[in-house]
Amino acid sequence: MENKVLAVVDGRNITQSDVFHLIQSIGQSAAAFNNPEGQKQLLDELVMQELLYSDALSQGLQEEEAFKAALAEMEKSLLKQYAMKKLLEGIDAEEAEVKDYYEQHTSSFTSPEKAAANHILVDTLEEAEKIAEEIKNGLDFKEAAKQYSNCPSGGQGGSLGEFTRGQMVPEFEQATFSMTPGSISEPVQTQFGYHLIQLESLTPAGTMPYEAVKAQAKEQLLLAKRQALYVAKRQELGERYSVEMK
């Protein structure tokens, strides 16, 4: 794609690419400028920056000691960042390494016990018992939830989806995780009222398969490699150059 010149300030080009890079640097607010009017504002900003640059040169600001000190500090900081990037940029991991790492760290790739359930929430024990009796007599649980439940989930047949321990109030959690899939609980009292719970499924905790976590395993391995290289380099450089801790 042609990198169109949008303005020329004191002989220096400002291009479409310059505007694009400025949009990228803005971060979360970038979307507000991703339109013709917004890009015009950014172009005006780039023009102003170039005008300030020309004016600074004409005043000889680049020769001031404060500027030279700031430039030296910026160059030092940039060189540190560049050196760190050079140190770590070649680190990679082959498929066999990743799989071996996964097998040696399976405890890092576990999924917690999960339950999927529907529920009906009402205010009183009497209401819960009456609905439970209707369900025993043939009323579909999800239809009962739509008719009687005070919970917003009632519109979806009482569905709570899948959840793990710690996501529900203790009384509800204890009842749910002690049930058999397909069963319906007795009324369970919580701070919200009385619940009838229908357990759809219970998935035990276990190790996630390699293919499901391969990308995560690779990232963890690369992080471990980077940390090991960093520590080794720190020791090597600490022996090469003097360090006085005060």
(Q) For a quick check under 3.5 Å, do Glu45 and Gln41 share a side-chain donor-acceptor pair by atom type? (A) no
Q) Can Glu64 and Leu61 be said to form a side-chain contact (heavy atoms from CB on, under 4.5 Å), step by step? A) CA-CA 5 Å; Glu64 292 187 1; Leu61 297 184; 3.3 Å; yes
Point-to-point distance, once rounded to the nearest 0.5 Å, from [atom1] of [X] to [atom2] of [Y]:
X      : Y      : atom1 : atom2 : result
Gln189 : Thr124 : CD    : OG1   : 10.5 Å
Gln24  : Asn34  : CD    : CG    : 10.5 Å
Asp123 : Tyr194 : CG    : OH    : 10.0 Å
Leu43  : Ile14  : CG    : CD1   : 6.0 Å
Ile131 : Glu127 : CD1   : CD    : 6.5 Å
Leu71  : Leu78  : CG    : CG    : 10.5 Å

Heavy atoms, side chains only, cut-off 4.5 Å: are [X] and [Y] in contact?
X      : Y      : answer
Leu223 : Gln220 : no
Met168 : Leu160 : yes
Ile135 : Ile120 : yes
Asn3   : Phe20  : no
Ile26  : Leu42  : yes
Pro187 : Leu196 : yes
Gln167 : Glu173 : no
Glu171 : Gln174 : no

Of all the heavy-atom pairs spanning [X] and [Y], show the shortest one and how long it is.
X      : Y      : result
Thr190 : Phe172 : CG2-N, 4.1 Å
Arg12  : Ser54  : NH2-OG, 2.7 Å
Leu202 : Phe177 : CD1-CD2, 3.7 Å
Ser149 : Gly154 : CB-CA, 4.1 Å
Thr207 : Tyr102 : CG2-OH, 3.5 Å
Val47  : Ala7   : CG2-CB, 4.2 Å

Are more than 12 heavy atoms from other residues, nucleotides or ligands located less than 6.0 Å from atom [atom1] of [X]?
X      : atom1 : answer
Gln62  : CD    : yes
Gln59  : CD    : yes
Arg226 : CZ    : yes
Glu89  : CD    : yes
Tyr210 : OH    : yes
Lys99  : NZ    : no
Tyr53  : OH    : no
Glu186 : CD    : no

I'd like to know if the side chain of [X] and the backbone of [Y] have a donor-acceptor N/O pair within less than 3.5 Å.
X      : Y      : value
Asp100 : Ala96  : no
Gln216 : Val213 : no
Ser178 : Ala175 : yes
Ser183 : Thr180 : yes

Q: Determine the interplanar angle of the His195 and His119 rings, folded into 0 to 90°, and report it as parallel if under 30°, tilted if 30 to 60°, perpendicular if over 60°.
A: parallel
State plainly whether one hydrophobic cluster holds both [X] and [Y], where clusters connect Ile, Leu, Val, Met, Phe, Trp and Tyr through side-chain heavy atoms under 4.5 angstrom apart.
X      : Y      : value
Val122 : Ile197 : no
Val9   : Met48  : no
Phe163 : Phe192 : yes
Leu221 : Tyr230 : no
Leu139 : Ile184 : yes

State plainly whether the residues [X] and [Y] are in salt-bridge range, i.e. N to O under 4.0 Å.
X      : Y      : value
Glu236 : Lys233 : yes
Glu200 : Lys142 : yes
Lys218 : Asp92  : yes
Glu63  : Lys68  : yes
Lys146 : Glu143 : yes

**Q.** side-chain contact (heavy atoms from CB on, under 4.5 Å) partner of Val19, the single match among Thr15, Ile23, Leu22
**A.** Ile23
Q: Test side-chain contact (heavy atoms from CB on, under 4.5 Å) on Lys85 and Gln81 and set out the steps.
A: CA-CA 6 Å; Lys85 180 174 177 288; Gln81 294 175 42; over 6 Å; no
Q) Checking side-chain contact (heavy atoms from CB on, under 4.5 Å) for the pair Gln16/Gln39: CA distance, chi angles, key distance, verdict? A) CA-CA 9 Å; Gln16 185 68 54; Gln39 291 185 26; 3.4 Å; yes
Q: Take Lys130 and Glu126 through the salt bridge (charged side-chain N to carboxylate O under 4.0 Å, His left out) test and state the conclusion after the steps.
A: CA-CA 6 Å; Lys130 178 178 177 295; Glu126 290 74 21; over 6 Å; no
**Q.** Partner residues of Tyr101 under the ring-ring contact (aromatic ring centres under 6.0 Å, His included) criterion, sequence neighbours left out
**A.** His105
